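Structure record follows, encoded as structure tokens.
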There are 2 protein chains.
Amino acid sequence: MNIGDVSERTGLPAKTIRYYEDIGLVRPARDTNGYRVFRDTDAHKLAFLGRARALGFSIEDCRTLLALYEDDDRASADVKAVATEHLHQIEDKIAQLQAMRDTLNELVHCCAGDNRPDCPILKDLARH
Amino acid sequence: MNIGDVSERTGLPAKTIRYYEDIGLVRPARDTNGYRVFRDTDAHKLAFLGRARALGFSIEDCRTLLALYEDDDRASADVKAVATEHLHQIEDKIAQLQAMRDTLNELVHCCAGDNRPDCPILKDLARH
DNA sequence: CTTGACCCTCCAGTGACTGGAATCCTTATC
DNA sequence: GATAAGGATTCCAGTCACTGGAGGGTCAAG
């Protein structure tokens, strides 16, 4: 499989796949012409990475998760710890964003949005 | 006012304030010794920026908002447009994160988290 | 033999800072 | 006057996870 095929299969851009090789997440073989050759296991790993990234895991988390995935002697507790920590971070982020949204929502609703200069949004930002 | 004073007043790190000068958001005067000299209007602008950033506005949005703030002939509609667009982006982001959270939450709850290797989180990431 | 679709590497840029090195200025104390 | 602490300066590099682009090699079809 060339990089284009595996890109289509996994939905990851070829650039991203090359980058993942660069940082050691996958190690595809090479053809005599220098092209990367991906086996099914490589494609599988990349799909795994794509899904982990889609869940918001950092690259380093992905590296850890991949290592755990390939370790038959892993403890599921280790996987759960990574996921739980990540879950907490997501929850924090959601709370932050919701606070922003609530404030913004109120400000936007208070603003007439016409051609006059008077604006409660700016007033709030500039509050003395 | 030196950078340290304005940093304390606004809560922005000195590094950040220098960076904001670098990208042209503020233009403090200079003392004969080369030190930045911040007037009240500079401190005020920086506080404005700090609050806009805290609401998640991008630097470019902040630049726009600051320009609108300083333009007595602004139309509040222009401010509202920036804020509304940003609000939509935040709402999208929240929805994304909530979807991640829901998936992760379920996976985490399904995982025993013991010393056995069997793990539904990895199973989901690796789904064939 | 040419065309177009692939593939390769390498370098630079993104956003919004942040850390660190090396140096200079000010203020207080001895 | 020396010294030390604390604060100021500049400049360079790094963060994260890619992404874009230049410049060039390879392959299959017509």
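Chain naming here is simple, since letters A, B, ... match the order of the sequence lines and numbering starts at 1 in each. Owing to the predicted nature of the structure, the values given are computational and were not obtained by experimental measurement.
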Review point. Which nucleotide in the set C/dA16, C/dG20, C/dC8 lies at the smallest distance from any side-chain heavy atom of A/R30?
Key: C/dC8
Point to revise | Length of the CG-C1' vector between A/D22 and C/dC8, whole Å | key: 13 Å
Point to revise | Presence of salt bridge, A/R127 and A/D124, under 4.0 angstrom | key: yes
Review point. Counting just side-chain N and O atoms, does B/Y35 come under 4.0 Å of either OP1 or OP2 of C/dC24?
Key: no
Point to revise | Length of the line joining B/E21:CD and C/dA16:C1', which is rounded to integer Å | key: 17 Å
Exercise for review: Indicate yes or no: does B/D114 engage A/K80 in a salt bridge with an N to O separation below 4.0 Å.
Suggested key: no
Exercise for review: Give one of base, sugar-phosphate or nothing for B/R18, where a contact means two heavy atoms less than 4.0 Å apart.
Suggested key: base
Exercise for review: For B/R53 and B/Y20, work out which heavy atoms get closest and say how close.
Suggested key: CG-OH, 3.5 Å
Check your understanding: Base, sugar-phosphate, or nothing for A/F57, non-hydrogen atoms under 4.0 angstrom?
Key -> nothing
Review point. Going by an N to O cut-off under 4.0 Å, is there a salt bridge joining B/D42 and B/R9?
Key: no
**Study point:** Along DNA chain D (nearest heavy atom to each residue), the more 5'-positioned of B/N2 and A/R53
**Key:** B/N2
Practice item. Could you check A/N33 against B/T16 and say which one's nearest nucleotide on DNA chain C is further toward the 5' end? Key: A/N33
Review point. With distance as the sole test, does B/S76 use its side chain to make a donor-acceptor pair with the main-chain N or O of A/P117 at under 3.5 Å?
Key: no
Review point. Rounded to the Å, how far apart are B/E60 CD and C/dG15 P?
Key: 8 Å
Check your understanding: Does A/E21 pair with A/R18 as a salt bridge, N-O distance under 4.0 Å?
Key -> no
Revision key, fill the gap. In whole angstroms, the gap separating P of C/dG20 from NZ of B/K15 amounts to 9 Å
Review point. Can you tell me if the side-chain N/O atoms of A/R36 get under 4.0 Å from OP1 or OP2 in C/dT9?
Key: yes
Study note, to complete from the structure: Interatomic distance, CG@A/L125 vs CG@A/L107, rounded to 0.5 Å, equals 7.0 Å
**Study point:** Boundaries of the chain A footprint along DNA chain D (any atom under 4.0 Å from a heavy atom)
**Key:** D/dA17 to D/dC27
